[in-house]
Each structure stands twice: as C-alpha cells, then as structure tokens.
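Structure record follows, encoded as structure tokens.
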Number of protein chains: 2
Amino acid sequence: MAHHPEDAARTRLIEAAGEIFAEQGYESATIREICARAGANVAAVNYHFRDKLGLYGAVIRHIAVNPDLPGSVSEDPEKALRGFISAMLGKLVLGGQGRQWHLRIMVHELARPSDGLPIIVEELIGPRYALLRSIISAIVHLPSDHDTVRLSAHSIIGQIAHYIHGRPVLGHVWPAMQFTPEQVEQVAGHIAEFSLAGLRKIAGTSKQ
Amino acid sequence: MAHHPEDAARTRLIEAAGEIFAEQGYESATIREICARAGANVAAVNYHFRDKLGLYGAVIRHIAVNPDLPGSVSEDPEKALRGFISAMLGKLVLGGQGRQWHLRIMVHELARPSDGLPIIVEELIGPRYALLRSIISAIVHLPSDHDTVRLSAHSIIGQIAHYIHGRPVLGHVWPAMQFTPEQVEQVAGHIAEFSLAGLRKIAGTSKQ
DNA sequence: GACATCCTAAAACACTTGTTTTAATCTGGT
DNA sequence: ACCAGATTAAAACAAGTGTTTTAGGATGTC
C-alpha cells in the first residue's frame, strides 16, 4: 500500500495540523493554512482523512500513542500535585519544543468545544482528570469520585486553564505579567500553594 | 432626529444582540440571527451601528449604564467574597431573567477574545477585577496591586469561568452535575471555601 | 514498456459570513 | 397634499470556509 516513503504527505499534514489546532483551536484552524504549512494541496486532507474532523481525530490518535502521564501517584501526593500543576502550566504556556501541543488542544476544547470533543475527552481529558482526582483523593482522604474531589479537581483545572486562554485579557489588566519562565514558575507555585491550602482544609474537616 | 417612537428597531437590535452575544460570544453570533430575533432587516445593524463591532459596543455601553456592582467592600471581606462568587456564578449559570447577560459576554471574552476585547476590559472586566482585588486585599492584608493579590484574583476568576465554558466537558466527565440551583450553590460554596483557605494561608504567611 | 494503483494539483462547488447597494416606504412639518 | 429626511426591505456583493471534481503525474509490478 505505502508506495511512498512513509506516506510523507500524510505525516506532514498531521504534524502541521497538530501545531495549528493547538494554536487556534479546531474551529478557527483552516484546512488551507494547515495544507500550506504542510506543503500539501487542499484536497490532500480529504483524500487522506476524509474531512477536517477525520484529520482532527488522526492528530489526537497520533499523540495518544506516546502518553506523557506518570503511571501512578507518587509516594508524596502533595509533591505529585505540585508536579502536575507545574508540568501542565509549563508545557502549556512555554510552548515547549517537540510535539506537545496535545495539552493546548485539550485546553482549547475546554474553552470552546467542537465536534471533536468526544475524542478529546476520551483520549486526553479523561486520563488526566482521573490522575488529578487520584492525587487529590490521596491528599484529602476521600474516594476518587467524591463530589468534593471532583469540585477540587475542577478548581485546579480552572485555574490552570484560565492562564492559557485568558492571556490576552491579562495583557490588558496586568501588563507586568509577561509569562517569562520565572513568572510562569511563580504562577505555578501560587496555584499549587493556593490549592494545597484548600485541599488541606478539606482534609481537616472531612477527617473529624 | 428621532422621528420614530424611541427608535424601536435600534433598541430591539441591542436587546436581541445582547442575548445572542451572551449565548454564543462575539465571533459565533451572526448578524442574521440577531436581526431575525429582533424582527429587523440585516441592513439595519449597518444603518444604526455601522458594523458588527459597533453593535457590540452599543450593547456594552447600554448595560454599562446600570451597573450591578456594590459601591464598597462590605465590612466583612470574607462575606463579601462569598457573595461575589455566589452572585457571579448564579447569574452566569442560572441565566437569570432580566438583561443580565453582560457577565456571560464577559466570560466569553475571557475564553476567546474578539476585536471588542478592549471595550469589554474597560467597561466590564476592569471594575469587577478591581472590586475582587480590593476584597482579597482586605483578607490577606496586602496592597491591592500586589502580585499575590493579582494571582489570587485570577485563581478565583479562573474557577468561576471554568464552570461556565467548561459545561459541555463536564457533561462528559461528570454527568451527575446537572447545574440545578442546589448544585450551583454547592459549587459556589466550594469555590468560596476552597479559595478562602488559600487566602487565609497567604494572610498567615505574609503577616509573619 | 505497458498497466493499474496510489497520490497530487488546480479549479470549481456550495455554503456562510459581514457588508453594501438600490429602491421603496414611512414620518412629520409646511 | 406635498416634500425632505429618516427608516426599512430585498437583493446582491465580496471574501472565506469545507468539500468535491477532474485530470494529471508518480511508482512499483508484470
């Protein structure tokens, strides 16, 4: 079947699409821009992936192959939470070399869901949501599907996501925040300590 | 000039546009749908407001006339914070009768900024951001423009906003959350207590 | 070398968007 | 009743979108 060397065009399309989907989100990304970056014709995406949504799914499945999730919660759950927040925020705002745009795609889907939301939820959001809940569960000593654990998970995700898609607004109301690596670390530290205080209080009240 | 009774069409357009902008955001809202709901012709918006952005500005200026912000921080800042969160979340997710869609427009602009962002920041986001920071400032005993106060304000806003535009995702990962009035109150209470724990810890460490 | 198959290229299609044009209609003052 | 100006209505315009068509070129096989 693969008469060509590794289906070069198909691969280039997935890579280019991953970047552009991560930058602009599913709806705003245009097939023409993707094909231009991939050096391919507009018809190529329909030929290889049937339609735009098919390309989206291929991108997700392509990055779902090598996941970046730790297998289990670290021995120290508070340390694990700090790591989770810092890694997520770092990869998101500092871009990060290598094709790690899956997190950005995920956050885009949080803010403005598209037709591909079910795929994203299954492949990207679900696993991270479960991991975060298991970390929180270990901190507050409550089952992973307890309402309070879920609410806390959303509190943490909400804070992280806010710094991603709220960046243009931040530029207006807080011009000093330039998202330098040091500032990003400061933000991650704040979110972690802020949230840990909330979680410790929950742990305290639920133990009684 | 105003030969017509109160410029009926112009007013109807602003009201319909407010609703639709609040539902879908600036970009997704279409002039045709707005005019259909207002019972006006597509050319009316260009005649009365020059273009789509002009209509957007008129909507914002129209609601900026009667603000809903309390004049000053209450005597009890923790109570004020609880009220801020509860009121904001309630108006946002429960919709609320009366033209109170300005908050929803604001949150849309947080998630996906449009050309109208400067207007929204100046008229809507700015005042609320200042109010929230003054509340936090009173709790943590730090100046209103301190980095920690700003970070905390964004932590709280991020949590609230997350429950608005993340609703479709929540439907997937947490089907039990149906946003009934009781559940919304539960969420508001969680955000308030979670955040207050974080703020109290900041107050404690900064006092030393 | 001919052939079937996979892939690519250019153009057109169908649809939606904001915007503009052009003419018709209504309004109030004289 | 008439007229100037304000308002509305219908249609068309221009640009952008995803998608499809149609023909051409490349590649490995016999």
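Numbered from 1 within each chain, the chains take letters A, B, ... in sequence-line order. Quantities reported herein were computed from a predicted structural model and do not represent experimental measurements.
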message: Can a donor-acceptor pair be found, under 3.5 Å and without considering hydrogens, that links the side chain of His190(A) to the backbone of Leu151(B)?
response: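 Confirmed, His190(A) side chain pairs with Leu151(B) backbone.
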- prompt: For the side chain of Glu33(A) and the backbone of Ala29(A), is there at least one donor-acceptor N/O pair under 3.5 Å apart?
  reply: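 Not a single qualifying donor-acceptor pair exists.
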Nearest to the side chain of [X], which nucleotide is it out of [options]?
X        : options                   : value
Ala9(B)  : dT19(C), dT19(D), dT8(D)  : dT8(D)
Asn41(A) : dA9(D), dG18(C), dA9(C)   : dA9(C)
Tyr47(A) : dA11(D), dT21(D), dT8(C)  : dT8(C)
Ile31(B) : dG18(C), dG18(D), dT8(D)  : dG18(C)
Thr30(A) : dT8(C), dA9(C), dG18(D)   : dG18(D)
Ala43(A) : dT17(D), dA10(C), dA11(D) : dA10(C)

- request: Examine dT8(C): is either OP1 or OP2 under 4.0 Å from a nitrogen or oxygen in the side chain of His48(A)? Give yes or no.
  value: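 Looking at the OP1 and OP2 atoms of dT8(C), one of them is under 4.0 Å from a side-chain N or O of His48(A).
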- prompt: Are OP1 or OP2 of dT20(C) and a side-chain N or O of Asn46(B) less than 4.0 angstrom apart?
  reply: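 Yes, such a contact exists.
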field: Closest-nucleotide ordering on DNA chain D, the 5'-leading residue of Arg50(A) and Ala40(B)
entry: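 This one resolves to Ala40(B).
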field: Electrostatic pair Arg112(A):Glu27(B) at N-O distance under 4.0 angstrom
entry: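 Not counted as a salt bridge, because no side-chain N and carboxylate O are separated by less than 4.0 Å.
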message: Taking Glu193(B) first and then Lys201(A), would you say they form a salt bridge - that is, a charged N and a carboxylate O separated by under 4.0 Å?
response: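 Result for this pair is yes, salt bridge flagged.
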Length of the line joining [X]:[atom1] and [N]:[atom2], which is rounded to integer Å:
X        : N       : atom1 : atom2 : result
Leu13(A) : dT19(D) : CG    : P     : 14 Å
Tyr26(A) : dT17(D) : OH    : P     : 14 Å
Lys52(B) : dT19(C) : NZ    : P     : 8 Å
Ile20(A) : dT17(D) : CD1   : P     : 11 Å
Leu55(B) : dG18(C) : CG    : C1'   : 12 Å
Phe49(B) : dT20(C) : CZ    : C1'   : 18 Å
Arg32(A) : dA15(D) : CZ    : P     : 14 Å
Phe21(B) : dG18(C) : CZ    : C1'   : 12 Å

message: Taking the side chain as everything from C-beta on, heavy atoms only, tell me whether Ile34(B) gets closer than 4.5 Å to Val45(B).
response: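 The answer is no; the side chains never approach within 4.5 Å.
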